[in-house]
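One structure below.
Not measured: the values here are computed from a predicted model.
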Amino acid sequence: MTNTGSDHKSSFNHTTLDQYFAPGCSYTEMRVKVSEDVNLYCIKIMPPAATNNPVVMFIPGWISRITSWQHALRELTRDHAVIYVETRDKISSHLANSAPLSVKAIASDIIYLIKYFELESGKYLLFGSSLGATAILESYRQLLTKPQAFILVGPNAEFKIPWWGSILIFLFPPPLYLVMRPFLKWYL
């Protein structure tokens, strides 16, 4: 669905998405099937006026929500088309229990989305934070079309889990992780 105007209610979060973008932007909400087991929520945002600026593929970090990036998105969408991607760790994703939640899997999703949106070498930017930035770095070697530049905010080398997560890992054998996956996605 393509939307303009401040009275539109998003089917994703039932709030007005216009508040996150520059005035006059139009946007399309979509679900993209990146693999047999994974379907991601994406928003393609077009600036108020056409430009020759590179498209920005925006991959937020672990636990990050669009509300965290409101000011950055407002500035970016003034002069750039932006593809905002909710990664498979987000509650908005639809995935089978067997689908991995690894950095490598998210990197594969990025590779697929670059092809899906037909982004050309040197004509797009990859912007990511935290887990998103780490997945971008993981994807780079396999990209057939290379970005003009990366914007990486705090890529992670490791991920810390809360104290109670360590207890769950110790108490439950790996096959039971699939049972806990819906709760973990909700928590994230």
Q: Could you give me the CA-CA distance, side-chain angles and deciding distance for Val55 and Val82, then say whether side-chain contact (heavy atoms from CB on, under 4.5 Å) is met?
A: CA-CA 6 Å; Val55 174; Val82 174; over 6 Å; no

Q: Please assess Ile114 against Met57 for the test side-chain contact (heavy atoms from CB on, under 4.5 Å), listing each intermediate value before the final yes or no.
A: CA-CA 8 Å; Ile114 289 168; Met57 182 173 279; 4.1 Å; yes

Q: Please test Leu126 against Phe58 for side-chain contact (heavy atoms from CB on, under 4.5 Å), starting from the C-alpha separation and ending with a verdict.
A: CA-CA 6 Å; Leu126 281 173; Phe58 193 103; over 6 Å; no

**Q.** Audit row: Tyr140, Phe150, ring-ring contact (aromatic ring centres under 6.0 Å, His included) steps and yes/no
**A.** CA-CA 10 Å; Tyr140 181 74; Phe150 294 121; 5.3 Å; yes

Q | Trace of the salt bridge (Lys or Arg N to Asp or Glu O under 4.0 Å) decision for Arg78 with Glu75 | A | CA-CA 6 Å; Arg78 288 184 200 286; Glu75 291 303 316; 3.2 Å; yes

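Distance check, rounded to the nearest 0.5 Å: OH of Tyr124 to NE2 of His80 gives 15.5 Å. Note that CD of Gln148 is 12.5 Å distant from CD of Glu120, once rounded to the nearest 0.5 Å. Taking OG1 of Thr134 as the start and CD1 of Ile106 as the end, the distance is 9.0 Å to the nearest 0.5 Å. Note that the CG atom of Leu40 and the OH atom of Tyr116 stand 11.0 Å from one another [nearest 0.5 Å]. To the nearest 0.5 Å, the span separating CG on Leu119 from NZ on Lys146 amounts to 14.0 Å. For the atom pair Thr145 OG1 and Glu118 CD, the distance stands at 10.5 Å (nearest 0.5 Å).
At a threshold of 4.5 Å between non-hydrogen side-chain atoms, the residues Ile110 and Ile59 count as touching. Counting only heavy atoms from C-beta outward, the side chains of Leu95 and Asn39 never approach each other to under 4.5 Å. Using a 4.5 Å heavy-atom cutoff, the side chains of Leu17 and Phe21 are in contact. Annotation: side chain of Thr87 is not in contact with side chain of Asp109 (no heavy-atom distance under 4.5 Å). Using a 4.5 Å heavy-atom cutoff, the side chains of Arg31 and Cys42 are not in contact. Counting only heavy atoms from C-beta outward, the side chains of Ile83 and Val56 never approach each other to under 4.5 Å. Using a 4.5 Å cut-off on side-chain heavy atoms (C-beta onward), Leu125 and Phe127 make no contact.
Cluster annotation: Met46 is not connected to Val85 through the hydrophobic network of ILVMFWY side chains, with a link wherever side-chain heavy atoms come within less than 4.5 Å.
The closest donor-acceptor contact from the side chain of Arg88 to the backbone of Pro100 lies under 3.5 Å. Looking at Thr51, its side chain never comes within 3.5 Å of a backbone N or O of Pro47 through a donor-acceptor pair. With Thr77 contributing its side chain and Ala22 its backbone, the two residues share a donor-acceptor pair below 3.5 Å. Using a distance-only test at 3.5 Å, with no hydrogens or angles considered, a donor-acceptor pair links the side chain of Gln19 to the main chain of Thr16. In this structure, Lys123 contributes its side chain and Asn53 its backbone to no donor-acceptor pair below 3.5 Å. The closest donor-acceptor contact from the side chain of Ser129 to the backbone of Val153 lies at 3.5 Å or more, if one exists at all.
When every heavy atom of Ala107 is checked against every heavy atom of Ala135, the shortest pair comes out as CB-O, 3.5 Å. Closest heavy-atom contact between Gly61 and Ser130: CA-CB, 3.9 Å.
Relative to the six-membered ring of Tyr27, Lys44 misses at least one condition, a distance below 6.0 Å or an angle of at most 45° to the axis.
Side-chain contact check for Ser35 and Asp37: no donor-acceptor pair (N or O, by modelled atom type) lies under 3.5 Å. Residues Lys90 and Ser93 have side chains that never bring a donor and an acceptor to within less than 3.5 angstrom of each other. If you check the side chains of Glu86 and Ser92, you find a donor sitting under 3.5 Å from an acceptor. Inspection of the Glu29 and Tyr41 side chains reveals an N or O donor paired with an N or O acceptor under 3.5 Å.
Tyr84 has its ring centre no less than 6.0 Å from the ring centre of Tyr20.
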